[in-house]
Protein chains: 2
Amino acid sequence: MNKNTYHIFFTNLANPLRIKIISSLKEKEKNVTEISKELGVEQSKISHALIKLRCCNLVEVNQKGKQRVYSLNKKTILPILKIIDTHAKTFCEGGCKGCKG
Amino acid sequence: MNKNTYHIFFTNLANPLRIKIISSLKEKEKNVTEISKELGVEQSKISHALIKLRCCNLVEVNQKGKQRVYSLNKKTILPILKIIDTHAKTFCEGGCKGCKG
DNA sequence: AATATATATGAATATAAATTCATATGAATA
DNA sequence: TATTCATATGAATTTATATTCATATATATT
């Protein structure tokens, strides 16, 4: 495996906006404008975020008329988020404190 | 759960040096100097990295004389890395290409 | 208690990543 | 084919993160 895979992948998941997009797409697939409005975030910012997510195949896109509909790769994402949640509950007592910076 | 948990956690895993440290600690627990020498990386850099990893309880530390011995929280780390590896093989054909920047 | 060894810390700097905004592209419809 | 709507792109700027280096702390040894 490419030695930068972890970096690219986890940098994606380290980004709060991309996590919000991921959360939003858990529910159902959405186009860019829908995501933008739902999150109250400017469109190009959403597009930039989606491109990064797509690079790692964390989301996929389908053209539907002039919209582009993004859907989540749940198979990968959901188990990872679950592990972190469990980890946080088990080891971090509801949040990682004491991290300066 | 704290809404920044993902950020802190994944920022840790997005860092190549910290991934190297994690890989090294898979084998066995090690003190700071051992890690530093093994990776050929300056000591304070290792210490800074370890502090971040420790913040999220991805590693834990035990004093042993004047050494501080770090060990890996395998329970959390190993399954996550495995998911990424599988993801990369399944969806990225040996590496995430086409990501500019 | 002085010295040596091991590690941590802080702050300045360097590097990387995200945001912003103007604009380009592309698909649909009048 | 001109216009509108939807999305992507690029480059400048801002913000976040990592590195570096000097030094502090802590433990052990003499």
Side-chain angles (χ1 to χ4, degrees), chain A residues 3-22 24-25 29-56 58-71 96-101, chain B residues 3-22 24-25 29-71 96 98-101:
Chain A
K3 64 180 167 181
N4 287 317
T5 301
Y6 291 138
H7 175 71
I8 296 167
F9 194 97
F10 289 125
T11 299
N12 251 323
L13 297 176
N15 184 292
L17 173 58
R18 284 174 235 168
I19 284 286
K20 280 181 197 161
I21 292 173
I22 285 168
S24 167
L25 294 178
E29 57 177 31
K30 285 165 191 164
N31 68 44
V32 177
T33 303
E34 285 173 326
I35 299 169
S36 175
K37 285 185 178 159
E38 181 186 327
L39 302 182
V41 171
E42 194 258 317
Q43 173 268 315
S44 80
K45 211 172 152 183
I46 300 292
S47 282
H48 280 298
L50 285 167
I51 283 161
K52 296 285 180 89
L53 288 170
R54 205 183 151 210
C55 278
C56 294
L58 291 175
V59 300
E60 71 169 294
V61 63
N62 283 100
Q63 196 81 28
K64 199 172 185 179
K66 33 184 171 176
Q67 279 101 294
R68 285 163 76 77
V69 178
Y70 283 84
S71 58
C96 296
K97 286 139 195 160
C99 297
K100 337 179 195 167
Chain B
K3 65 181 166 179
N4 287 316
T5 301
Y6 291 138
H7 174 70
I8 296 167
F9 193 97
F10 288 125
T11 300
N12 251 322
L13 296 177
N15 183 292
L17 174 59
R18 285 173 236 168
I19 284 287
K20 280 182 199 162
I21 292 173
I22 285 169
S24 167
L25 292 178
E29 58 178 29
K30 284 166 191 164
N31 67 44
V32 178
T33 303
E34 285 173 327
I35 299 169
S36 175
K37 284 185 180 161
E38 180 185 328
L39 301 182
V41 171
E42 194 258 318
Q43 173 268 316
S44 80
K45 211 172 152 183
I46 300 293
S47 281
H48 280 297
L50 285 167
I51 283 162
K52 297 285 180 89
L53 289 170
R54 205 184 150 206
C55 278
C56 294
N57 297 294
L58 291 175
V59 301
E60 70 168 294
V61 63
N62 283 101
Q63 196 81 27
K64 200 171 185 178
K66 33 185 172 177
Q67 279 100 294
R68 285 163 76 77
V69 177
Y70 284 84
S71 57
C96 295
C99 296
K100 335 180 198 170

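Being a predicted model, the structure only gives us computed values, none of them experimental. The figures that follow rest on heavy atoms only: side chains count, while hydrogens, waters and symmetry mates do not. Throughout, a chain's letter reflects where its sequence line sits, starting with A, and its residues are numbered from 1.
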[X] vs [Y] side-chain heavy atoms within contact, under 4.5 Å:
{"X": "B/Val59", "Y": "B/Ser71", "value": "no"}
{"X": "A/Leu17", "Y": "A/Ile21", "value": "yes"}
{"X": "B/Tyr70", "Y": "B/Asn31", "value": "no"}
{"X": "B/Leu50", "Y": "B/Arg54", "value": "no"}

Quiz item: How does protein contact run along nucleotides 19-30 of chain C, one letter per nucleotide 5' to 3', with B for base contact, S for sugar-phosphate only, - for none, heavy atoms under 4.0 Å?
Solution: SBBB----SS--
Practice problem: Give a yes/no on whether any side-chain N or O of B/Tyr70 is located under 4.0 angstrom from OP1 or OP2 of C/dA6. | Solution: no
Quiz item: Between B/Ser36 and B/Glu38, is any side-chain donor less than 3.5 angstrom from a side-chain acceptor?
Solution: no
Exercise. Please determine, by modelled atom types, if A/Asn12 and A/Arg18 share a side-chain donor-acceptor pair under 3.5 angstrom.
Key: yes
Can you measure [X] atom [atom1] to [N] atom [atom2] for me and round it to whole angstrom units?
{"X": "B/Asn62", "N": "C/dA6", "atom1": "CG", "atom2": "P", "answer": "18 Å"}
{"X": "A/Ile46", "N": "C/dA18", "atom1": "CD1", "atom2": "P", "answer": "14 Å"}
{"X": "B/Arg68", "N": "D/dA28", "atom1": "CZ", "atom2": "P", "answer": "12 Å"}

Quiz item: Please, what dot-bracket string fits DNA chain C when only Watson-Crick and G-U pairs with both distances under 3.5 Å count, crossing ones use [ ] and pairs to another strand use |?
Solution: ||||||||||||||||||||||||||||||
Quiz item: About how many Å separate CD of A/Gln43 and NE2 of A/His48, when rounded to the nearest 0.5 Å?
Solution: 8.5 Å
Practice problem: Take A/Leu58 and A/Leu13 through the side chain to side chain contact (heavy atoms under 4.5 Å, CB included) test and state the conclusion after the steps. | Solution: CA-CA 10 Å; A/Leu58 291 175; A/Leu13 297 176; 4.3 Å; yes
